[in-house]
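To start, the structure itself, in structure tokens.
Below, chains carry the letters A, B, ... as their sequence lines are ordered, and counting in each starts from 1.
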Amino acid sequence: MDEKLKTELSKQGIFTTSLQELYNWGRTSSIWPLNFGLACCAIEMIATTMARYDLARFGAEVFRPSPRQADLMIVAGTVTKKMAPQVVRLYNQMPEPKYVISMGACAISGGPFKQGYNVLKGIDRYIPVDIYIPGCPPRPEALIDAFMELQKKIDAQQLTGENRPRHLNADEPSEFIVPQFGEHDLEPTRNSSIWEPPLVQIAQTGSDESGSH
Amino acid sequence: MTNNMYLPVIVLLLAAIAFALSTLLLAWFWARFFSPHKPGPSKNAIYECGLESQGDAWIQFKPGYYLYGIIFLVFDVEAIFLLPFAVAFTGFSATECIAMLVFLLLLVEGLVWAYQKKVLVWT
């Protein structure tokens, strides 16, 4: 339906919608996060759900203790290499459609523990992340902002066509490689189908990633 | 016609069945046309805590603690009965006293049985 006609009709008190909008509206208004906290960011996540910040306003207060009932994973905190397989497995066990918010510096990149031998340098090496929130830890307002961004993202998703999201495309995978404990590191160290190491132009920056010249 | 009394109930029943079936069918059609089925080894796993399940769930548990717990519970409840018994002891007649002693004897018999069955020996 034409957008102009639609706004004209709504001015006259007639509400029109499409199946896609109805579907997206339903999913946007009832994002159920997984009850899953890894480190200190989880405390901010808990604070977000409490009365002061009240995540229930976004229909997302129903934190599910089981991945089978959840459709949003908030990776809240440092992902250690010991925990990474469990995080990926929990993500795999969630039914489609599923979304991931990478909360805080640690979940994005390893944060202050990036140089640690036992810390995963970002959960996006193994699972596709929808929203990143920086901060150490991010304040509840930041998490609410991430929720609203995710809602916008879901609202804009197409039901059919080439640009339809992963869960509506039969060719896209629903499960991702669960890393195993190797001799020195997780194996594989990354899921190369979703994450590639960023190319750093050493000649331009004057130093490499480790900081030595 | 007495049967007409139940007509509204039957109509409501049919409406309830139709409502349940129509939502299920809607979900089925939605999944068929839009949302593809994507099973996988992790998703179909029995447990959902993130860890892989180890071994078989069909194992035998020793009933040792169960018997121990039952005996404890019996004597725990008995203590509640003993307290008023002790308080009112001087005002009892002979029959009341015998009745209470029979109650105690039954419980002690149970304990003797458990002792003979070596329930109290923790292995």
Hey, does B/K43 have a side-chain heavy atom less than 4.5 Å from the side chain of A/M94?
no
Side-chain heavy-atom pair B/F34, A/Y23 within 4.5 angstrom cut-off:
no
Closest heavy-atom pair, B/I46 versus A/R68, reported as atoms and distance to 0.1 Å, is O-NH2, 3.5 Å
Tell me, yes or no, whether the heavy-atom count around B/Y66 atom OH, taken from other residues, nucleotides or ligands under 6.0 Å, exceeds 12.
no
Please flag which part of A/P173 lies under 4.5 Å from any non-hydrogen atom of chain B: side chain, backbone, both or neither.
backbone
So for A/P65, is it side chain, backbone, both, or neither that comes closer than 4.5 Å to the heavy atoms of chain B?
neither
Side-chain heavy-atom pair A/E172, B/K38 within 4.5 angstrom cut-off:
yes
Within the supplied structure, the quantity of interest is the number of heavy atoms (other residues, nucleotides, ligands) at a distance under 6.0 Å from B/F75 CZ; does it exceed 12?
yes
Check whether more than 12 heavy atoms from other residues, nucleotides or ligands sit under 6.0 Å from atom CG of A/L199, and answer yes or no.
no
Greater than 12 external heavy atoms within 6.0 Å of B/Y68's OH
no
Can you confirm whether more than 12 heavy atoms, excluding those of A/W25, are under 6.0 Å from its CH2 atom?
no
Check this for me: A/R52, atom CZ, are more than 12 non-hydrogen atoms of other residues, nucleotides or ligands nearer than 6.0 Å?
no
Rounded distance [0.5 Å steps], CD in B/E48 versus CD in A/Q69:
7.0 Å
Determine whether more than 12 heavy atoms belonging to other residues, nucleotides or ligands lie under 6.0 Å from atom CD of B/E52.
no
At a 4.5 Å cut-off on heavy atoms, which part of B/F33 comes close to chain A: side chain, backbone, both, or neither?
neither
Largest heavy-atom contact set with chain B, pairs under 4.5 Å, which of A/N169, A/T160, A/V87:
A/N169
Interatomic distance, A/L90 atom CG to B/C49 atom SG [nearest 0.5 angstrom]:
7.5 Å
Distance-minimising heavy-atom pair for B/A45 and A/Q93
CB-NE2, 3.8 Å
For the atom pair CG (B/N44) and CG (A/N92), what is the distance rounded to the nearest 0.5 Å?
11.0 Å
Counting only heavy atoms from other residues, nucleotides and ligands, does the tally under 6.0 Å from CG of B/D76 exceed 12?
yes
Part of A/V178 within contact of chain B (heavy atom distance under 4.5 Å)
side chain
Proximity breakdown for A/E175 and chain B, heavy-atom pairs closer than 4.5 Å:
side chain
